[in-house]
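What follows is a single structure, written as structure tokens, with notes after it.
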Amino acid sequence: MSLTDILIALVPAFGLGFQVIAMQLIGGKYTNKVMGMAIVTLIVGICVYFIKRPVLTPSLWLGSALSGIGFCIGIVLQVKSFSLVGVSMTMPISVGEQLVGTALVGAICFREWTTTSQWLMGIGALILIVGGIAMTAYHESSEQGSNVRKGMIYLLISSLGFVAYASFPTAFKLSGWDVVFPQSVAIFITMVIICAFEKNNQMFGKKTWQNMITGICFSIANLGIIFSNQINGVAVGYTISQLNVIISTLGGLWILHETKTSKELKFTIGGVILVVAGAVLIGMTK
């Protein structure tokens with residue numbers, strides 16, 4: 001890989017990592033955060049449509065809509081978990097669960113692992129990731145036990161949503177660029193529906209417009225991974241994009257000043273290392 005290829009591959013990681021940090025720094029209700037992202041996603045999707053002019057077939061709409069709905073479920077519950085367990089615990093667990101889910105779907109449903117070495121390497125990667133998740137979820141205080149339990153449930157359902165987001169385009173054999181517009185429409189409509197059920201949702205309040213910055217970060221990451229996959233291949237592009245876990249976790253500790261005991265910090269750092277190592281191994285199975 002050339003230096004340019006590496007830099008392109010790192011764009012999604014930085015976009016997704018800083019998206020989380022920006023969202024928490026700007027603040028607001030969760031409805032503000034997700035709607036700000038959805039508005040920018042729709043605008044970018046419309047722009048991509050006029051540039052690429054994809055043929056909007058029923059299959060494209062259905063696969064993109066299911067992917068977009070999965071994303072909305074994933075991001076809403078992920079954002080809610082931030083207030084329960086913090087970014088530095090949420091992100092390693094979320095990324096780890098997504099890696100496990102997408103790897104299993106790819107191996108079992110899409111037959112991506114066909115050789116013994118792929119299965120051995122893949123299973124080893126999953127063991128590393130699960131170990132990393134367990135380490136990251138470690139906490140010493142029993143006072144936050146109920147929050148942690150609730151956060152873990154949110155993250156499990158959230159990760160299922162993100163796995164659906166990543167898997168449906170492949171299931172429907174859709175091109176990355178073709179998906180962008182119909183997926184953005186599905187994301188915007190689904191977010192409006194979800195937020196409408198929230199009391200005093202302020203979905204178009206001041207904080208929503210400020211949170212459009214998070215939408216810019218997400219859109220840069222989303223388009224960046226399409227470029228990266230074309231240049232570097234899906235295995236390398238997807239794996240490097242997961243390095244966002246390092247940026248978001250360290251950002252949660254250093255920028256958002258989330259507090260952890262010395263032992264919890266060691267477990268978190270160790271867990272992140274295991275998750276990243278597992279991600280690299282999964283990339284090597286492709």
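When a residue number appears, it is its place in the shown sequence, counting from 1. Note that the structure is predicted; figures quoted are calculated from it, not measured.
In terms of the ring pair (Phe, Tyr, Trp, His ring centres under 6.0 Å) criterion, residue partners of F267 (sequence neighbours excluded) are, by chain and number, Y138. For I193, the side-chain contact (heavy atoms from CB on, under 4.5 Å) partners are I189, F197, not counting sequence neighbours. With sequence neighbours excluded, no residue forms a ring pair (Phe, Tyr, Trp, His ring centres under 6.0 Å) with W254. Take T115 and apply the side-chain contact (heavy atoms from CB on, under 4.5 Å) test, not counting sequence neighbours, and it matches S117, Q118. Listed by chain and number, the residues in a side-chain contact (heavy atoms from CB on, under 4.5 Å) with T190 are I69, C72, I194 (sequence neighbours excluded). Remark: S184 engages no residue in a side chain to side chain donor-acceptor pair (under 3.5 Å) (not counting sequence neighbours). For W177, the ring pair (Phe, Tyr, Trp, His ring centres under 6.0 Å) partners at least two apart in sequence or on another chain are F227. Remark: F168 engages L66, S67, A164, F172 in a side-chain contact (heavy atoms from CB on, under 4.5 Å) (not counting sequence neighbours). Residues that satisfy the ring pair (Phe, Tyr, Trp, His ring centres under 6.0 Å) test with Y154, not counting sequence neighbours, are absent from this structure. For S88, the side chain to side chain donor-acceptor pair (under 3.5 Å) partners at least two apart in sequence or on another chain are E258.
Cluster partners of V163 are V105, F110, counting Ile, Leu, Val, Met, Phe, Trp and Tyr whose side-chain heavy atoms approach within less than 4.5 Å, directly or via other members.
Atom NZ in K33 sits 13.0 Å away from atom CE in M191 (nearest 0.5 Å).
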Between Q202 and K207, does the side chain to side chain contact (heavy atoms under 4.5 Å, CB included) criterion hold? Intermediate values first, please. CA-CA 8 Å; Q202 301 176 17; K207 285 293 182 180; 6.0 Å; no
Can I get a per-line list of side-chain donor-acceptor pairs under 3.5 Å for residues 39-62, giving both atom names and the distance, sequence neighbours left out?
residue	atom	partner	partner atom	Å
T41	OG1	M37	O	2.7
T57	OG1	L60	N	3.1

